[in-house]
Every structure is written in C-alpha cells, then in structure tokens.
Amino acid sequence: MKDIKKVKISKQGQLTIPKSFLDAFDFKDEVSVEMTEEGLLIKPITKISDDFAEQLMESMKAKGLSGQELMDTFNQAKNNVGWTVFQRDSDK
C-alpha cells in the first residue's frame, strides 16, 4: 500500500493531510508525530476507555508508584494504547 501525495506547507508551518489518508488510518482529533531518520511518522492516537484507565492506574499502584511519579507515568501511558499492564524498569 504505497500512496504518495505532494502537499504544501503553509507559512505557519501547517500541512493538510489528504482526506483519503485520514480515512484510511481513522485519524481523529489528535495524532502523534515522531521524527525518524526517513522523515516524520504520523500515527493516530486512540483514546483509552475509562475502565481501562482505571485498570492501568491500579496496575501502576500495585507496582509501587505513587504521587507525582504515578501521575507522570500514567499520563505518559494513557496515550500509548500498547500498555496493558504497567511494568517498572526495575521489573523487566
């Protein structure tokens, strides 16, 4: 699936992603943009459900996180849907 389209960058540094690309990847309100050696990688962000957020928070508490460390790690993790159970670096 290689579909290449040329897009212009506005004076404000904005670009418009073609609708066919948006539809193909189910982009919603937000995306993540990552700098790679080949250029920019744009990926959709999927919001997690409230139930999953609660489970994620409980998993982090069970691993011994609390206070600001808990909140910082939770905020990072909630945007990464690949995390189903939190593991501290020391647990790996």
Side-chain angles (χ1 to χ4, degrees):
M1 172 206 322
K2 193 166 193 174
D3 191 2
I4 299 174
K5 298 202 186 286
K6 181 179 176 181
V7 298
K8 292 188 178 197
I9 300 174
S10 73
K11 291 177 184 176
Q12 293 82 21
Q14 298 171 331
L15 58 94
T16 300
I17 300 172
K19 184 173 179 352
S20 61
F21 289 11
L22 295 173
D23 293 344
F25 291 98
D26 198 29
F27 288 138
K28 300 287 186 206
D29 297 332
E30 295 180 307
V31 297
S32 65
V33 180
E34 179 182 340
M35 286 180 34
T36 69
E37 290 181 15
E38 295 185 43
L40 297 177
L41 175 61
I42 302 170
K43 296 190 284 188
I45 293 177
T46 304
K47 301 290 184 192
I48 62 174
S49 70
D50 289 340
D51 289 342
F52 181 76
E54 287 178 32
Q55 292 173 358
L56 183 61
M57 182 71 81
E58 291 304 317
S59 175
M60 290 179 180
K61 286 179 185 176
K63 294 291 183 177
L65 290 178
S66 63
Q68 192 60 47
E69 182 184 22
L70 173 65
M71 292 311 300
D72 291 346
T73 306
F74 176 75
N75 286 330
Q76 177 188 5
K78 72 180 181 179
N79 291 321
N80 183 350
V81 181
W83 289 29
T84 54
V85 177
F86 172 72
Q87 277 193 317
R88 287 182 109 162
D89 289 338
S90 59
D91 294 340
K92 294 179 183 175

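What you are looking at is a predicted structure, and each value in this text was computed from that prediction instead of being measured.
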message: When you compare the side chains of Gln12 and Ser10, does any donor N or O come within less than 3.5 Å of an acceptor on the partner?
response: yes

- line: On a heavy-atom basis, the closest approach of Val7 and Thr16 is CG1-O, 3.4 Å

message: Looking at every heavy atom in both Phe21 and Lys5, which two are closest together, and how far apart are they?
response: CZ-CG, 3.8 Å

query: What's the spacing between Lys63 NZ and Leu70 CG if we round to 0.5 Å?
result: 14.0 Å

task: Considering non-hydrogen atoms only, spot the tightest contact between Thr73 and Glu69 and give its length.
output: OG1-O, 2.8 Å

message: Using side-chain heavy atoms (C-beta onward) and a distance below 4.5 Å, is Met35 in contact with Leu40?
response: yes

- line: All heavy atoms of Phe25 vs all of Pro44, minimum pair found to be O-CG, 3.5 Å

message: Test of understanding: clusters of I, L, V, M, F, W, Y form through side-chain heavy atoms closer than 4.5 Å, transitively. Do Val31 and Leu41 belong to the same one?
response: no

